Amino acid sequence: MDKMRIKGGKTLRGKVSVSGSKNAALPILFSSLLTAEPCVFNRVPTLQDIRTTLKLLSQLGAHVKYSPDQHKVEISAKNITNHEASYDLVRTMRASVVVLGPLLARFGKAKVSLPGGCAIGARPINFHLAALEKMGAQIQLEEGYVVASCERLKGAAITFEFPSVGATENLMMAATLADGETVLENCAKEPEIVDLARALRAMGAQIQGDGTETIRVQGKKSLHGCHYEVMGDRIEAGTYLAAAFITCGTVEVMGLEPEFLEAVLVKFEEAGALISRNKNSIALSSSQPPRGTDITTVPYPGFPTDMQAQFMAIMAVAQGASVITETIFENRFMHVPELIRLGADITIRGKSALIRGTTPLIGAPLMATDLRASASLTLGGLVAEGETLINRIYHLDRGYERMEEKLRQLGAEIERIK
Ligand code: EPZ
């Protein structure tokens with residue numbers, strides 16, 4: 001298993017471009033199941049989760065042509081022969097559960113493994129299943145699989161118990177081919193939802209209200225193929241801005257709209273960073289250590305849970321104390337014991353962590369546990385004195401394209417050890 005070796009203490013400076021958004025690309029690739037015509041997707045990030053998605057689409061019978069160097073994917077779901085997403089695949093990437101909506105909408109049947117938990121929480125899919133039943137799907141749970149079938153999904157009025165990103169995506173896709181209109185209430189409003197809706201509209205879907213809590217979809221008999229370019233990855237961008245902040249540097253991240261990260265930028269400014277918001281880029285500069293600042297993670301447009309671990313690394317070296325409250329996932333503090341190994345002073349009380357900024361952090365061998373925790377440990381290593389060695393960085397490769405290259409480009413002393 002690959003490791004990452006970092007020699008801390010370098011100030012990061014320069015420009016870096018973000019890749020396409022992982023969390024937009026995954027549902028958008030699965031949306032190709034909704035049409036028999038070929039789809040071409042551009043700016044698809046070269047990540048493990050993308051390869052997993054393409055493997056699942058191929059297993060279902062889709063014809064997939066992947067050009068990772070051009071960040072381009074061509075998919076034709078004309079001959080879908082299999083409607084089963086197996087456990088060994090779904091357990092490696094729970095986002096696969098969004099095949100349910102498209103398979104039911106187009107073929108009237110689907111057999112998808114329950115995702116099982118992951119490091120950050122149980123992550124059930126009850127909201128997805130309850131909503132699909134309201135659209136007329138018969139759903140059984142058999143030996144760890146969701147077995148679903150229907151004649152043709154019917155438009156329905158659905159209110160989500162919680163603005164779940166995955167459930168909103170699954171149901172928006174399911175509704176595009178349903179009979180009649182579907183009204184989804186209490187939807188997630190993340191920019192990745194809007195990107196998916198744009199891709200679906202490029203396929204001829206009729207969707208309004210994406211990005212607000214109420215989404216309306218008028219079902220159609222069929223959708224056509226599309227050419228679509230995925231949006232920039234806002235969490236990747238936030239991670240590189242965090243790297244600039246924690247090393248008191250100056251970095252500009254290119255290729256995304258600042259508004260999609262506004263809640264994070266506001267907190268960076270509260271903690272003392274200087275931010276400039278440009279049309280398609282964000283710059284952060286910081287000349288003194290961060291100030292202790294409290295955050296609470298909430299659904300978009302609030303502070304995103306996917307930036308919580310990264311912000312905690314910054315707070316570990318801040319002047320003063322801070323409280324970080326995680327309200328989205330029940331176990332998303334796996335980075336805390338590892339940051340403590342670097343010398344951080346962090347105490348967990350239920351959903352909140354109290355961080356007392358301390359300097360210096362001292363490099364140490366660390367263990368990555370999940371995607372954003374690995375990013376947090378990398379940030380810690382950038383500022384810790386001496387050498388930090390991070391094990392199991394396959395977690396990092398799920399969501400960050402060539403992170404060590406991009407950080408080296410900014411002046412970090414970091415290398416991947418095969
Ligand atoms: C998406 O996960 C993202 N993944 C996550 O990013 C992100 O953290 C999360 O949204 C929240 O923003 C992708 O887009 C591929 P949810 P998702 O459904 O859809 C509970 C990353 O680091 N819930 O909004 O799974 C659930 O357990 C990843 O890139 C139910 O209880 O998130 C969680 O506590 C990590 N029942 C909360 O809702 C359900 O049926 C939010 O989950 C569905 C969700």
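We number each residue from 1, following the sequence as shown. Ligands are counted one by one from 1 in listed order, and the atoms in each one are counted from 1 as well. Remember, predicted model here, so these are calculated numbers, not experimental data.
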Are Glu252 and Arg277 ion-paired here, with the side-chain N under 4.0 Å from a carboxylate O? no
Side chain to side chain, Val98 and Leu26, heavy atoms closer than 4.5 Å: no
Answer whether the closest heavy-atom distance between the side chains of Ile328 and Pro299 falls below 4.5 Å. yes
Any salt bridge linking Glu270 with Lys267? Criterion: basic side-chain nitrogen under 4.0 Å from a carboxylate oxygen. yes
Please determine if Lys22 has a nitrogen or oxygen closer than 3.5 Å to a nitrogen or oxygen of ligand 1. yes
Provide the number and element of each atom of ligand 1 under 4.0 Å from a heavy atom of Arg332. 8 (O), 22 (O), 35 (C)
Which of the numbered atoms in ligand 1 are below 4.0 angstrom from a heavy atom of Gly166? 18 (O), 19 (O)
Quick one: look up the protein heavy atom nearest atom 32 (O) of ligand 1 and list residue, atom name and how far away it is. Phe329 CZ, 4.2 Å
Distance to 0.1 Å, residue and atom name: give those for the protein heavy atom nearest to atom 18 (O) of ligand 1. Ser164 OG, 2.7 Å
pair Lys154-Thr182: side-chain heavy atoms closer than 4.5 Å: no
For Leu371, take its heavy atoms, then give the atoms of ligand 1 lying under 4.0 Å from any of them. 22 (O), 29 (O)
Who gets closest to atom 44 (C) of ligand 1 by heavy atom: Pro124, Ala24, Ala25? Pro124
Identify the closest protein heavy atom to atom 27 (O) of ligand 1: which residue and atom is it, and at what distance? Arg123 CA, 3.3 Å
Could you tell me whether Lys189 sits above the aromatic face of Tyr300, with NZ or CZ closer than 6.0 angstrom to the six-membered ring centre and within 45 degrees of the axis? no
Can you name the atoms of ligand 1, numbered from 1 with element, that are less than 4.0 Å from a heavy atom of Arg372? 21 (C), 22 (O), 29 (O)
Residue-level breakdown please: for Thr305 versus ligand 1, do any non-hydrogen atoms fall below 4.0 Å on the side chain, on the backbone, on both, or on neither? side chain
Considering the heavy atoms of Asn126, write down every atom of ligand 1 situated less than 4.0 Å from one of them. 30 (C), 31 (O), 36 (N), 39 (C), 40 (O)
side-chain contact (heavy atoms from CB on, under 4.5 Å), that's the test. Do Leu12 and Ile246 meet it? Break it down for me. CA-CA 9 Å; Leu12 299 196; Ile246 204 168; over 6 Å; no
Based purely on interatomic distance, does Leu26 place a nitrogen or oxygen under 3.5 Å from a nitrogen or oxygen of ligand 1? no
Numbered atoms and elements of ligand 1 in range of Ala95, under 4.0 angstrom, heavy atoms: 15 (C)
Pair listing, salt bridge (Lys or Arg N to Asp or Glu O under 4.0 Å) test, anchored in residues 297-306, at least two apart: Asp306-Arg332
Among all protein heavy atoms, pick out the one at the shortest distance from atom 40 (O) of ligand 1; state its residue, atom name and that distance to 0.1 Å. Phe127 N, 2.7 Å
Please work out, at 4.0 Å between heavy atoms, whether the side chain, the backbone, both, or neither of Phe162 comes within that distance of ligand 1. side chain
Which of the atoms of ligand 1 are close to Arg94, meaning less than 4.0 Å from one of its heavy atoms? 25 (O)
Could you name each residue pair satisfying salt bridge (Lys or Arg N to Asp or Glu O under 4.0 Å) that touches residues 31-44, not counting sequence neighbours? none
Kindly determine whether Glu326 and Lys351 satisfy salt bridge (Lys or Arg N to Asp or Glu O under 4.0 Å), including the steps that lead there. CA-CA 6 Å; Glu326 170 61 55; Lys351 284 179 174 290; over 6 Å; no
Region of Asp49 engaging ligand 1 - heavy atom pairs below 4.0 Å: neither
Who's closest to atom 7 (C) of ligand 1 heavy-atom-wise, of Ile125, Asp306, Asn23? Asp306
Nearest non-hydrogen atom to atom 12 (O) of ligand 1 belongs to which of Val165, Ile193, Thr327? Val165
Give me the ring orientation class for Phe311 and Phe268: parallel if the planes are under 30° apart, tilted from 30 to 60°, perpendicular past 60°. parallel
Do Asp397 and Arg416 meet the salt-bridge criterion of a basic N to acidic O distance under 4.0 Å? yes
Closer than 4.0 Å to some heavy atom of His128 - which atoms of ligand 1 meet that? 40 (O)
Roughly how far apart are Glu257 CD and Asn278 CG, rounded to 0.5 Å? 12.5 Å
Looking only at distances, can you tell me whether any N or O atom of Ile328, backbone or side chain, sits closer than 3.5 Å to an N or O atom of ligand 1? yes
